[in-house]
Amino acid sequence: MIQRLKHTFGLDGPDDGVESVSIDDLSGEETQHAIDYLHLLDRETTTENIEWAASQLQADEVGLANAMETLEERGELDKRIVAPRLVEDHPQFQIRDDTVSQILTVTSLPRKVGLGWLVPLTLADVDLRLTFHVQPREPKDVRRQLQKRYTQAVTSLALKQKRGRTDTYQDQLDREDLERLLQRTIRGTTKLYDVAIYLELVADSRDDLDGMLDRVEAILAEQDVELSPVKHQQLDAMDAIAPVVTDPVDNTHPIQLEALGTFFNLVEPSIYDPNGVLLGFDDTKRPVILNRYALSGHSMAISGKTGSGKSYFRKLEIYRRLLADANVQCILFDPAGDDYPRFAQSLGGEVIRFGGNYTVNPMDISPPATAEQETGDDTYALTIRSVIEMLHTHFDQRDGMSAGEEGVLIQAAHYAYISKGIILGDYETYARESPTLDDLIRGVTVIAAGGLKTAREADVIDEAELDLFQSYGVTEVGEDGEQSVDENPNSSGISISDTIVTPTTHHQELARNLQPKFESFKPGGINHNLNGQTNLDLSSRLVVMDMSSFADTGEMPLILHAMLSWAYLEAKRSPYKVDVTFDEAHYLLGRPAARDLINLYIRHARHYEAGLTLMSQTSHEFVRTNERREVYENCDVKCLFYAESVSEQTQQYYGLSSDEIRFIQSAARGQDSNYSECLLATSVHGRRRLEVRSGPFEHHVLDDTLDPREWLAEIDGVVSGNNPEDDVLLTELELTDLPHVMNRDMDLEMAMQESHENGISADVRGLESDATGASNGAVADDHRPDRRGDQ
């Protein structure tokens, strides 16, 4: 074997017993060939070496199968594979000659795959053979099947929307994928194939085979690929592996043409988007540059214990995004108020310590956007539900809320909107001034007083408000207790509940029980900041909402719920790509209406170019119930930083391998290392291990005060001298003399001017490259154009 390797790599020489040719017997041409050969091997051109080289060149011609094997050697190997001398068949493995082998088949593929997704298999330290069997499907049959599935998907989605369900995000994606695939199939621009994938592992012993299997399963688990041994068919499966072009196992998956092309690309590209920001480096030390706004939902979920580096990672991403994109505004809600405020101040951002004179109106409403109307999301109904759920959170600390009280509050909320001329279903009226909690409280008082007429007599409402309701068709209450409706054809005749006009004694009692529970929303109360018109004016591209004044009050879930509703409206109204971050997201995940609002935000994020980032101590917070898991599933980017333990639900959600679990439990932490590590998962690129690193100045920005002179003095020893010219230079470096990079109005004006001058546009022709497989088939990774070109 040693002699063979030496011969293969040209290491044998004239002293190895090989017969040489006398230099006197060589022609000039033969001598020159021998010298060229020696130069190729980087050897000296001595007489002895020239004679040896000439003998090598005159040897019998040997056919090569590849650079390492002759045709004869390769033939012997293939012969042993197809027809081994000895075979022992076992249910899940076989013994062939002196080796143990196991044939496996792929049982589940990810929804989408990217270029080079099989590359990790080629890098694995295992003896592996990979075989594909590809069979095209009949286009006519494919169209018929897709049409049937598309009709089913549209019907299912419409039925869910009719029932008022909000868990339709995945259904919409499925419908869009099917529609796109059907259109491309009809146009003949794509095809479907049945593909079977088999792997054979070969080892010297059972223990070695088990070790190989663990490594292969761990690698493919990161790509959401599931494997299974071919049970009781190992001998039959040999035909599927051997070069005899048969597949008796026939375990196929439907794969689209574009996705099939990725099976044969064995060079995995790094995650790179020219409009993205550097998140860190993967385990091959290549940079990971990701643009979350190129993904479908723009949203991110980050989990990790205190000190794991998750907050540092978030600040680093924000800092790099603000530098790279003038059209981004970042808003962070910090319940603790101990880290992000200093970060914002360092960058010239705005810190709002919520409390005092700041007010956010949870009853703010705006007309539904086109995307909301298309999906049947009426902002009136959504806002009322959000307000009632927020009050649920409030009342849970005050003896709770009964079903009857909830009914009264819903009618009081309707009263509040009607009192401002806002009518359910009349979208134009949604642009009028929104009511506040004072208006809702007045509605409760009207019901407690006995209805509109009694409330007017008791001066609970004024004449103008009563006239407004009369203009909608309500005039007075008859002697029989029934509501009288004005026959005036000019009246609107909208439906107004009897609970407002003629409440029963029971309703009045329920309303009176509710009245004391609103004390905290009145002037001087702890929640008075939620009672009034919103007066937050965000003029900075980086805003931190310091919520620490509510940290010990028990009102944090209530406050954050209101802030989430406000953030959604701000994202809709803003000309920016708004990136909203909620730290300690568990305050929101525990409430149904807050989860609905989060899902609504994420579903429509791409229409507003908005992103939502949710942060929590553990990934378990996101996956421990189906309702929370829906929120997690809608986040296109997920980061799992260090955790002492990984819950069973998290392991099942990701299908984590033992290696991945150990990685999370031993990941580098920012407080103990010069960097941190996390498991990065995206809806497009699968899972990768990520090293989060920052440069010296970036670290100075994120963890110290932003003073360039101080940093230069610390790093390079640059200090201010007594030279007047030096003083002038340092004065010119004052941050206050530089353009205020955090002013969003200035940045927006400059960005729009640049876009106009450069004629920015997006030609989407030829850019639609995503490919959807049927069933659990794979789909090729898609790259979507920047939405700024669509506006």
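Source: prediction; values computed, not measured. Heads up: numbering here begins at 1 and tracks the sequence.
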For [X] against [Y], the heavy-atom pair lying closest together:
| X | Y | result |
| --- | --- | --- |
| W566 | V360 | CB-CG1, 3.6 Å |
| L510 | S402 | CD2-OG, 4.4 Å |
| G421 | L468 | N-CD2, 4.4 Å |
| G304 | F641 | CA-CB, 3.9 Å |
| K310 | S303 | CD-C, 4.1 Å |

I'd like to know if the side chain of [X] pairs up with that of [Y] as donor and acceptor (distance under 3.5 Å, no hydrogens or angles considered).
| X | Y | value |
| --- | --- | --- |
| S434 | N361 | no |
| Y601 | H298 | no |
| Y430 | D378 | yes |
| S548 | D546 | yes |
| R314 | T581 | yes |
| Q617 | H586 | no |
| N634 | S299 | no |

Residues S296, D636; criterion side-chain hydrogen bond (donor to acceptor under 3.5 Å, both in side chains); working and verdict:
CA-CA 7 Å; S296 60; D636 281 329; 2.9 Å; yes
If you round to the nearest 0.5 Å, how far is [atom2] of [Y] from [atom1] of [X]?
| X | Y | atom1 | atom2 | answer |
| --- | --- | --- | --- | --- |
| F395 | E406 | CZ | CD | 11.0 Å |
| K305 | S616 | NZ | OG | 9.5 Å |
| L564 | L588 | CG | CG | 5.5 Å |
| T359 | F354 | OG1 | CZ | 6.5 Å |
| I331 | Q329 | CD1 | CD | 4.5 Å |
| I422 | I365 | CD1 | CD1 | 5.5 Å |

Given side chain to side chain contact (heavy atoms under 4.5 Å, CB included), test S311 with M615 step by step and report yes or no.
CA-CA 9 Å; S311 297; M615 304 176 64; 4.1 Å; yes
If we ignore hydrogens and angles and just use 3.5 Å, is the side chain of [X] paired with the main-chain N or O of [Y] as donor and acceptor?
| X | Y | result |
| --- | --- | --- |
| S520 | N527 | no |
| R512 | A448 | yes |
| E584 | D334 | no |
| N531 | D438 | yes |
| H561 | S386 | yes |
| T429 | I423 | yes |
| R541 | G349 | no |
| R628 | E621 | yes |
| K160 | T168 | no |
| D462 | E465 | yes |

Flag the pair F469 / Y415 as yes when their ring centroid distance falls below 6.0 Å, and as no otherwise.
yes
Side-chain touch [X]/[Y], heavy atoms, less than 4.5 angstrom:
| X | Y | result |
| --- | --- | --- |
| P503 | Q411 | no |
| L536 | M545 | yes |
| T379 | Y427 | no |
| F343 | L542 | yes |
| K315 | I318 | no |
| L332 | D583 | no |
| M547 | M556 | yes |
| H414 | I410 | yes |

Worked verdict on S574 versus E570 for side-chain hydrogen bond (donor to acceptor under 3.5 Å, both in side chains):
CA-CA 6 Å; S574 176; E570 183 68 16; 5.0 Å; no
L558 and L530: CA distance, side-chain angles, deciding distance, side chain to side chain contact (heavy atoms under 4.5 Å, CB included) verdict
CA-CA 10 Å; L558 172 73; L530 301 180; 4.0 Å; yes
Can you check side chain to side chain contact (heavy atoms under 4.5 Å, CB included) on Y417 and T383, steps first, answer last?
CA-CA 11 Å; Y417 284 105; T383 305; 3.1 Å; yes
Using the ring of each side chain (for Trp, its six-membered ring), is F582 parallel, tilted or perpendicular to F333, with breaks at 30° and 60°?
parallel
Testing V580, L612, L597, L382 for side-chain contact (heavy atoms from CB on, under 4.5 Å) with Y568, which one passes?
L597
SB check R321 D579 (cutoff 4.0 Å):
no
Side chain to side chain contact (heavy atoms under 4.5 Å, CB included), that's the test. Do Q161 and L157 meet it? Break it down for me.
CA-CA 6 Å; Q161 292 175 345; L157 179 60; 3.8 Å; yes
